[in-house]
**Q** 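First, the structure itself, so that you have it in front of you.
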Amino acid sequence: MPEFKISVVGDVSKRVILGPTVGIELFRILRFSMENLILAQLGMGKEEENQAKANENIYLVGKAVGGELGKAFLSGIDDLNEYVTKLREILINLKVGILKVVSADLEKGKIVVDIEECVTCVGTPNIGMHICYFEGGLVAGILKFFLKKEVAVVEVKCCANGDNVCEFEATVKE
Amino acid sequence: MDLCELSFVKKKLGRFLRNDVLEGVIKQAISECGLIEKNDYSVEEMHKILERMIGFGGFCELVARNIKARLILRK
């Protein structure tokens, strides 16, 4: 495993008995607590606007994490199929979800991916919303690292919106 | 500490990246902008450095976007 360069991660191998992973419940509590904290700091009123700002912040954090994952684990791979295969292994190992490429047209700059068993939304009730902004950012950051171009990602399917999978549409910006 | 001071950028980036890593990316960003390393930059120079850092992705991008937004709001 390559050396992780994010200082706050530290040396997780020191967690000898419990190992390097935590429960999905803790992840979701932290994830939604952060969102609520951002919303609280944005104040009352303009709820839709504030929610969009909170979503954007969570997306940017996911994008940063995606970029760092690329640097740590996927450097030097220049074949898209190999990159996606390795990425799929990493996302499974990190228990983010099971990545599948639905379509990829690099000439048109469009890539569609599914994430099954998404860490944020699988099993959540249908609240009629897309909530996986962190994962969308993650996909954007990872694709940006590979393509060396800006990538915008939108979630088009989500378990919190009644779908049985998360689906993300990525658009490569020239 | 001012937004255009390199020490400010290093302090913010240091929350995420190891010192040796952050020194490397900052040196790279400055050099790619055709600038020399110093502590105080003009607003225009700092914008150029931050743009390079945004291009690097990862936590460099996150920190750079944050400082860039604060620089714009300060005007």
Side-chain angles (χ1 to χ4, degrees), chain A residues 2-12 34 38 41-42 49 52-77 83 87 90 94 133-134 136-153 170 172-174, chain B residues 1 3-35 37 39 41 43-75:
Chain A
E3 188 180 14
F4 224 81
K5 291 176 178 171
I6 301 172
S7 60
V8 288
V9 172
D11 181 2
V12 294
M34 290 301 292
I38 295 169
Q41 290 192 338
L42 289 171
E49 191 181 316
K53 281 181 188 168
N55 294 343
E56 189 188 350
N57 280 306
I58 293 163
Y59 175 91
L60 287 174
V61 171
K63 192 176 176 197
V65 174
E68 295 298 334
L69 284 178
K71 286 176 201 167
F73 299 109
L74 300 162
S75 286
I77 303 175
Y83 190 81
L87 173 61
I90 292 163
L94 290 172
Y133 292 91
F134 176 82
L138 200 69
V139 171
I142 288 168
L143 288 176
K144 176 178 174 173
F145 179 75
F146 178 76
L147 297 165
K148 308 288 180 240
K149 288 178 181 172
E150 274 301 329
V151 178
V153 170
V172 183
K173 295 182 180 175
E174 287 306 322
Chain B
M1 209 178 276
L3 291 170
C4 287
E5 287 178 17
L6 197 59
S7 49
F8 179 79
V9 180
K10 286 182 179 178
K11 186 181 169 195
K12 293 296 173 191
L13 206 50
R15 298 184 71 175
F16 297 104
L17 300 180
R18 274 188 353 225
N19 267 348
D20 56 330
V21 179
L22 83 83
E23 287 291 345
V25 293
I26 283 176
K27 272 189 192 346
Q28 189 183 341
I30 291 169
S31 134
E32 286 182 9
C33 291
L35 298 167
E37 190 166 337
N39 191 45
Y41 290 92
V43 173
E44 289 73 23
E45 287 172 333
M46 184 51 77
H47 271 293
K48 277 187 190 171
I49 294 168
L50 295 172
E51 276 302 324
R52 290 305 311 156
M53 288 173 63
I54 287 170
F56 295 161
F59 284 115
C60 270
E61 178 178 355
L62 187 74
V63 168
R65 281 190 190 280
N66 183 286
I67 298 173
K68 193 176 160 70
R70 289 168 70 175
L71 264 178
I72 291 167
L73 287 172
R74 193 177 68 171
K75 277 184 180 175

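Lettering follows sequence order; numbering is per chain, from 1. Just so it is clear, the model here is predicted, and its values are computed rather than measured. Worth knowing before you read on, the calculation uses all heavy atoms, side chains too, and leaves out hydrogens, waters and symmetry mates.
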**Q** Does atom NZ of Lys48(B) have more than 12 heavy-atom neighbours from other groups under 6.0 Å away?
**A** no
**Q** Answer with side chain, backbone, both or neither: which region of Arg15(B) has an atom nearer than 4.5 Å to a non-hydrogen atom of chain A?
**A**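 Backbone of Arg15(B) only, per the 4.5 Å heavy-atom cut-off to chain A.
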**Q** Looking at every heavy atom in both Leu71(B) and Met46(B), which two are closest together, and how far apart are they?
**A** CD1-CG, 3.7 Å
**Q** Please enumerate all residues that pass side-chain hydrogen bond (donor to acceptor under 3.5 Å, both in side chains) together with Glu150(A), with sequence neighbours excluded.
**A** Lys63(A), Lys144(A)
**Q** Under the criterion salt bridge (Lys or Arg N to Asp or Glu O under 4.0 Å), I'd like the reasoning laid out for Lys71(A) against Glu68(A): C-alpha separation, chi angles, the key distance, then a yes or no.
**A** CA-CA 5 Å; Lys71(A) 286 176 201 167; Glu68(A) 295 298 334; 3.6 Å; yes
**Q** With a strict 4.5 Å heavy-atom criterion, list every residue of residues 22-30 of chain B that contacts chain A, or say none.
**A**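 Interface residues of residues 22-30 of chain B: none, nothing closer than 4.5 Å to chain A.
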**Q** Between the side chains of Lys10(B) and Glu37(B), is the shortest nitrogen-to-carboxylate-oxygen separation below 4.0 Å, so that they form an ion pair?
**A**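 Yes, Glu37(B) and Lys10(B) are salt-bridged.
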**Q** Is it the case that the ring center of Tyr133(A) lies less than 6.0 angstrom away from the ring center of Tyr59(A)?
**A** no
